[in-house]
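Positions are given from 1, in the same order as the sequence printed here.
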Amino acid sequence: MSHVPESETLDFLFAQICKLKHARVQSLLERIGLYRGQPPVLRALWAQDGLTHTDLARSLDVQPATITKMINRMEKNGFVQRRQDPDDQRVWRVYLTEAGREVQEEVRQVWRTLEQEAFDGFTLEERVLLRRFFLQIRENLIRASDG
């Protein structure tokens with residue numbers, strides 16, 4: 001079997017794709033005043049407003065300190081606000097502001113734009129096959145992480 005230069009391996013190409021995707025997502029989100037990690041927080045609050053920091057950290061599988069930093073930034077930019085729980089003054093809940101609710105369609109458009117740009121020129125059959133490959137890669141990595 002011949003040696004493939006690292007720059008031509010599937011793993012290297014996949015890493016490049018991920019890096020380019022992250023940069024493009026950041027560019028599109030910056031236009032609406034968001035950062036890459038913030039849409040999942042918004043998505044969780046669109047589904048159920050008034051979650052605690054702990055609820056958000058658990059649902060997004062991140063550390064509470066990470067959520068606190070995100071919420072601070074999102075509050076500063078006017079997308080969320082924190083309020084004490086009326087039944088337990090020790091608990092703070094995160095609520096969407098009007099801006100946080102209104103940005104939902106713009107966030108959805110970011111994902112549609114990214115998908116259109118990334119998969120431009122692919123046939124439906126190629127997209128279906130690529131999706132199957134992505135699912136298999138994800139399953140392989142999950143299985144390897146559990147072992």
Side chain [X], main chain [Y], donor-acceptor under 3.5 Å:
X: R127; Y: F119; result: yes
X: W46; Y: G100; result: yes
X: S145; Y: L141; result: yes
X: T97; Y: F79; result: yes

Legend entry - From V110, N77, V103, residue fulfilling side-chain contact (heavy atoms from CB on, under 4.5 Å) relative to L34: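 That would be V103.
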Inset, instruction - Spell out, yes or no, whether L28 and W111 are grouped together once hydrophobic residues are joined by side-chain heavy atoms under 4.5 Å, including indirect joins. - result: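 Yes, it is one cluster - the side chains of L28 and W111 are joined through contacts under 4.5 Å.
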Inset, instruction - Treating Ile, Leu, Val, Met, Phe, Trp and Tyr as nodes and any side-chain heavy-atom pair under 4.5 angstrom as an edge, say whether I71 and L60 lie in one connected cluster. - result: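 I71 and L60: one cluster.
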Inset, instruction - Under the salt bridge (Lys or Arg N to Asp or Glu O under 4.0 Å) rule, collect the residues that match up with E102, sequence neighbours excluded. - result: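 Counting only residues at least two positions away or on another chain, E102 forms no salt bridge (Lys or Arg N to Asp or Glu O under 4.0 Å).
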Inset, instruction - Mark yes when over 12 heavy atoms from residues, nucleotides or ligands other than R82 sit less than 6.0 Å from its CZ; otherwise mark no. - result: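 Yes, the 6.0 Å shell around CZ holds more than 12 heavy atoms from other groups.
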Legend entry - Pairs flagged by salt bridge (Lys or Arg N to Asp or Glu O under 4.0 Å) wherever residues 103-123 is involved - sequence neighbours left out: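 Matches after skipping sequence neighbours: R24-E117, E105-R112.
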Legend entry - T113 vs Q109 side-chain heavy atoms within contact, under 4.5 Å: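 In short, these two side chains touch, coming nearer than 4.5 Å.
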Inset, instruction - Answer yes or no: is there a side-chain heavy-atom contact under 4.5 Å between D49 and R101? - result: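 D49 reaches R101 side chain to side chain.
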